[in-house]
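Inspection log for the structure reproduced underneath, given as structure tokens.
As the structure is a computational prediction, the values presented were derived from the model and not from experiment. Every chain is numbered from 1 and lettered A, B, ... according to where its sequence line falls, protein lines coming before strand lines.
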There are 2 protein chains.
Amino acid sequence: MVLNAQELFWKKGYNATSLSELSTATGAGAGSLYNTFKGGKRELFKKSLQQRKEDLEDFKIKLGNSDNPIELIKAFFISVATESKESHLKGCIVANTIVEMTFIDEELENEAIEILKETEKLYTTAILAEQKKGNIKSKIPAHTLGKHLITLWCGINTLRRVYPDKEILKQQIELQLQLIN
Amino acid sequence: MVLNAQELFWKKGYNATSLSELSTATGAGAGSLYNTFKGGKRELFKKSLQQRKEDLEDFKIKLGNSDNPIELIKAFFISVATESKESHLKGCIVANTIVEMTFIDEELENEAIEILKETEKLYTTAILAEQKKGNIKSKIPAHTLGKHLITLWCGINTLRRVYPDKEILKQQIELQLQLIN
DNA sequence: TTTATTTTGTAATGAACGATACAAATATAA
DNA sequence: TTATATTTGTATCGTTCATTACAAAATAAA
């Protein structure tokens with residue numbers, strides 16, 4: 001149920017998604033939605049966001065089990081380029097929420113910011129470890145490179161809509177991933 | 001009048017900005033707004049977006065008059081880092097609009113995309129000219145570097161809200177500007 | 001099977017929205 | 001100064017919104 005709502009929120013954002021659309025998408029009547037999610041539309045959106053946190057945990061585990069976490073991160077970024085056009089246009093629900101909610105809903109904005117910062121921490125930790133192992137030669141501080149990946153992520157999030165094009169996106173992503181070497 | 005509306009749209013986006021807020025901000029009653037802008041709220045938003053096109057033209061002229069256009073572009077990016085916290089949180093109305101309007105209003109989305117592409121063209125042209133003059137050694141195609149600046153712009157647009165911090169932003173911007181050398 | 005509890009869909013509620021009708025006010029033309 | 005045209009603010013329109021009240025249906029407990 002949350003996933004159907006997430007799909008809609010992801011595409012249209014919070015404000016532009018109406019409760020009747022959510023009702024149709026989830027197959028649940030308004031009454032059921034409010035019974036299940038006490039906080040109504042806003043709570044449902046929160047749950048949709050939090051869902052991404054769990055996906056992040058999954059990636060964290062994958063990274064922990066990998067013997068080349070940096071390649072895993074790089075592969076993940078590059079894989080974005082080959083996603084569907086719809087995926088490109090949807091972008092990232094976390095980054096989208098930050099843009100939509102600034103000056104509108106501080107709590108939801110901070111919720112999204114927190115997820116992005118956790119992602120950054122994940123990257124930074126992985127980079128630092130690989131620097132210590134000598135697998136990354138670059139002397140740029142790990143926290144700077146971690147933030148760089150977040151900047152890249154947010155940049156691609158918008159570029160994908162301007163150019164939902166595999167080749168262009170791949171080129172841009174690879175160009176920036178060179179910094180981590 | 002448009003500028004007061006633009007300020008509001010810029011901060012809150014299209015959907016979250018109500019007509020009564022626009023009325024207060026512009027000092028014009030609803031009747032006056034609809035008399036002046038035949039298309040109502042949507043037309044007023046369009047005008048607010050188009051305003052950025054004119055700002056772009058100004059920058060184009062500045063670039064044309066400069067004997068070191070690349071430094072001008074780089075200085076512009078770096079200057080973003082030192083803007084006010086409010087500016088950081090506002091971000092870029094063009095990039096914001098692309099994120100908000102995908103799947104919602106194709107015309108407004110394309111309007112914003114067009115402005116971003118014009119900006120890209122400006123960058124690419126300047127870079128190509130400087131490459132030919134030998135002022136840029138990098139062999140990366142100008143159109144790739146132009147897109148890189150757009151990606152950076154969009155990335156910073158979101159990073160500014162996560163870290164409305166001069167030092168962090170400056171570091172990230174300078175890190176990426178190294179690619180154009 | 002009967003009773004109690006929970007879940008569901010529908011219909012109604014009040015508030016806020018964008019848009020407009022219109023008369024008063026202002027500006028322009030004669 | 002008078003007559004005409006435009007601009008302005010206010011009050012109102014119809015619509016849509018998120019939310020809730022509630023009765024019917026489904027489920028669980030006895």
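Annotation for Lys170(A): atom NZ does not count as buried by contact number, only 12 or fewer foreign heavy atoms lying within 6.0 Å. In the displayed structure, Glu106(B) atom CD is contacted under 6.0 Å by at most 12 heavy atoms of other residues, nucleotides or ligands.
A distance below 6.0 Å separates the ring centres of Trp153(A) and Phe76(A).
In this structure, Leu33(B) places its CG atom 11 Å from C1' of dG9(D), rounding to the nearest Å. Between Asn35(B) atom CG and dT7(D) atom P the separation is 6 Å, expressed in whole Å. One atom, CE of Met1(B), and another, P of dT8(D), lie 7 Å apart when rounded to the nearest Å.
In this structure, CD1 in Ile150(B) is found 11.5 Å from CG in Asn157(B), a value given to the nearest 0.5 Å.
The side-chain tip of Lys90(B) does not point at the ring of Phe103(A) from less than 6.0 angstrom away and within 45° of straight on.
The side chain of Ser32(A) contributes no N or O atom lying less than 4.0 Å from OP1 or OP2 of dT7(C).
Applying the side-chain contact (heavy atoms from CB on, under 4.5 Å) rule to Lys47(A) yields the partners Val2(A), Phe37(A), Glu43(A); only residues at least two apart in sequence or on another chain are considered.
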(message) How would you summarise protein contacts on nucleotides 12-26 of chain D per nucleotide, using B for base, S for sugar-phosphate only and - for none, with heavy-atom distances below 4.0 Å?
(response) -----SSBB------
